[in-house]
Amino acid sequence: MIVTVTLNPALDLTYPVGALVPHRTHRVTGVAERAGGKGLNVARVLHALGEPVLATGLLGGPSGAVVASLLATEGVPASFVPIAGDTRRTVAVVDPGGATGFWEPGPVVPAAEWLRFVDHFRELVGRAAVVTLCGSLPPGLPIDAYAVLSRLAAAEHVPVLLDTSGPALRHGLAAAPTVAKPNAEELAELGTVSLEGGALVVSHGPEGLHAITPDGEFRCAPPYPVDGNPTGAGDACAAALARGLRDGAGWPELLADAVALGAAAVASPVAGSFDPDVYRSTRAALAVTSGGGSC
């Protein structure tokens with residue numbers, strides 16, 4: 001199975017309004033709730049693909065209980081470690097002109113709760129074919145948390161996909177994950193990086209993916225533009241990469257699948273889902289070349 005780790009999940013709330021006007025009271029026409037966080041989106045996509053997956057991480061308080069309930073309703077297998085703090089909420093206020101987001105930082109996680117999760121992860125990783133480490137770190141966790149988990153997976157010879165940003169990415173790279181998947185902006189913030197034998201898959205949004213690997217460089221871009229919601233496209237790419245790592249796919253096939261699934265996620269209105277028809281048609285149209293070539 002593929003184990004997805006989300007250390008800072010969220011209860012995603014969407015508030016639609018007629019128009020967003022600063023310093024005014026707004027009448028919300030409805031409230032949509034969804035289990036959020038990059039790793040949960042990866043788990044949701046893999047589950048929709050029929051792949052064996054287990055979502056883990058940290059959940060606590062009333063918001064955490066709602067997240068757990070929403071995942072159970074979707075049928076996504078999960079095994080979270082409970083914490084005392086309340087899982088964060090993210091709020092998107094949507095009007096005809098777009099969306100405005102408000103992201104909480106997450107609960108403070110004390111050392112004892114972190115160590116309890118490390119023990120839990122140690123038990124799960126022995127049964128994993130691949131591990132994905134995705135998203136931000138909540139306050140209180142050590143900045144090298146992903147490096148700690150990556151090394152535990154490596155000790156069990158389990159491939160690791162790392163998808164985070166900022167200091168968490170920089171410190172996570174020190175543990176040489178199998179694949180790191182920053183976007184171009186996140187990579188630019190880091191400057192020079194070295195994976196010591198691992199692979200770097202850089203997302204360029206609608207221009208596709210660029211993989212720098214021990215076997216050479218590969219590029220793949222969608223064969224045609226896809227209109228829709230780009231939120232969650234990167235998580236769908238991560239799901240495809242994790243599945244490809246499990247199956248031992250070659251880089252051309254792996255990148256083509258990731259680009260196709262990312263495009264299919266753009267065509268779907270909600271993060272963590274994808275349009276099966278767009279996935280099939282895009283995947284069939286893709287080929288990839290090495291040495292700096294393009295699809």
Side-chain angles (χ1 to χ4, degrees), residues 3-12 36-43 55-59 83 85 87-92 99-111 113-114 117-118 121 131-154 160-196 198-205 207 209-212 230-239 241-242 258 262 265 271-272:
V3 173
T4 71
V5 175
T6 313
L7 295 175
N8 201 18
L11 174 59
D12 287 350
K38 291 179 70 62
L40 297 191
N41 289 335
V42 172
T56 189
L58 303 168
L59 282 180
I83 59 173
T87 293
R88 67 182 176 136
R89 295 157 298 179
T90 63
V91 178
T100 302
F102 300 87
W103 274 207
E104 295 180 358
V108 175
V109 179
E113 292 179 340
W114 163 240
F117 177 78
V118 171
F121 179 80
V131 167
T132 72
L133 307 174
C134 301
S136 61
L137 299 177
L141 286 197
I143 199 61
D144 66 343
Y146 284 139
V148 170
L149 300 181
S150 187
R151 290 186 180 107
L152 288 174
V160 173
L161 184 144
L162 176 66
D163 187 4
T164 186
S165 60
L169 174 60
R170 181 181 298 280
H171 287 268
L173 289 173
T178 313
V179 176
K181 196 199 79 62
N183 61 39
E185 293 77 13
E186 292 163 350
L187 184 62
E189 290 176 1
L190 292 184
T192 304
V193 298
S194 172
L195 274 183
E196 299 181 9
L200 195 66
V201 177
V202 184
S203 171
H204 294 271
E207 297 177 7
L209 300 175
H210 175 204
I212 304 164
T231 305
D235 303 331
C237 285
L241 292 171

Give, for atom [atom1] of [X] and atom [atom2] of [Y], the distance between the pair rounded to the nearest 0.5 Å.
X      : Y      : atom1 : atom2 : result
Thr4   : Lys38  : OG1   : NZ    : 12.0 Å
Asn183 : Asp163 : CG    : CG    : 8.5 Å
Leu187 : Ile212 : CG    : CD1   : 7.0 Å
Glu189 : Ser165 : CD    : OG    : 7.5 Å
Tyr146 : Leu141 : OH    : CG    : 8.5 Å
Arg151 : Asp144 : CZ    : CG    : 7.0 Å

Could you pull out the closest heavy-atom pair between [X] and [Y], with the gap in Å?
X      : Y      : result
Cys134 : Gly39  : CB-N, 3.6 Å
Leu59  : Pro9   : CD2-CG, 3.6 Å
Pro138 : Val109 : CG-CG2, 3.8 Å
Gly37  : Thr6   : CA-CG2, 4.2 Å
Leu209 : Ala258 : CD1-CB, 3.7 Å
Ala238 : Val42  : CB-CG2, 3.9 Å

Item to complete: Could you tell me whether the side chain of Asn8 and the main chain of Pro105 form a donor-acceptor pair under 3.5 Å?
Response: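 The answer is yes, because a donor-acceptor pair under 3.5 Å joins these two groups.
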Item to complete: Look at the side chain of Thr164 and the backbone N and O of Gly135, then say whether any donor-acceptor pair between them is shorter than 3.5 Å.
Response: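 Between the backbone of Gly135 and the side chain of Thr164 there is a qualifying donor-acceptor contact (under 3.5 Å).
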Given side chains that start at C-beta, do those of [X] and [Y] come closer than 4.5 Å, heavy atoms only?
X      : Y      : result
Leu7   : Ser136 : no
Pro182 : Leu169 : yes
Arg170 : Pro167 : no
Val131 : Leu149 : no
Ile83  : Phe117 : no
Ser150 : Leu133 : yes

Worksheet entry | Sequence neighbours excluded - side-chain hydrogen bond (donor to acceptor under 3.5 Å, both in side chains) pairs with any residue from residues 100-109 |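 Residue pairs passing side-chain hydrogen bond (donor to acceptor under 3.5 Å, both in side chains), neighbours aside: Arg89-Glu104.
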Practice prompt. Please test Leu58 against Glu113 for side-chain contact (heavy atoms from CB on, under 4.5 Å), starting from the C-alpha separation and ending with a verdict.
Written response: CA-CA 9 Å; Leu58 303 168; Glu113 292 179 340; 5.6 Å; no
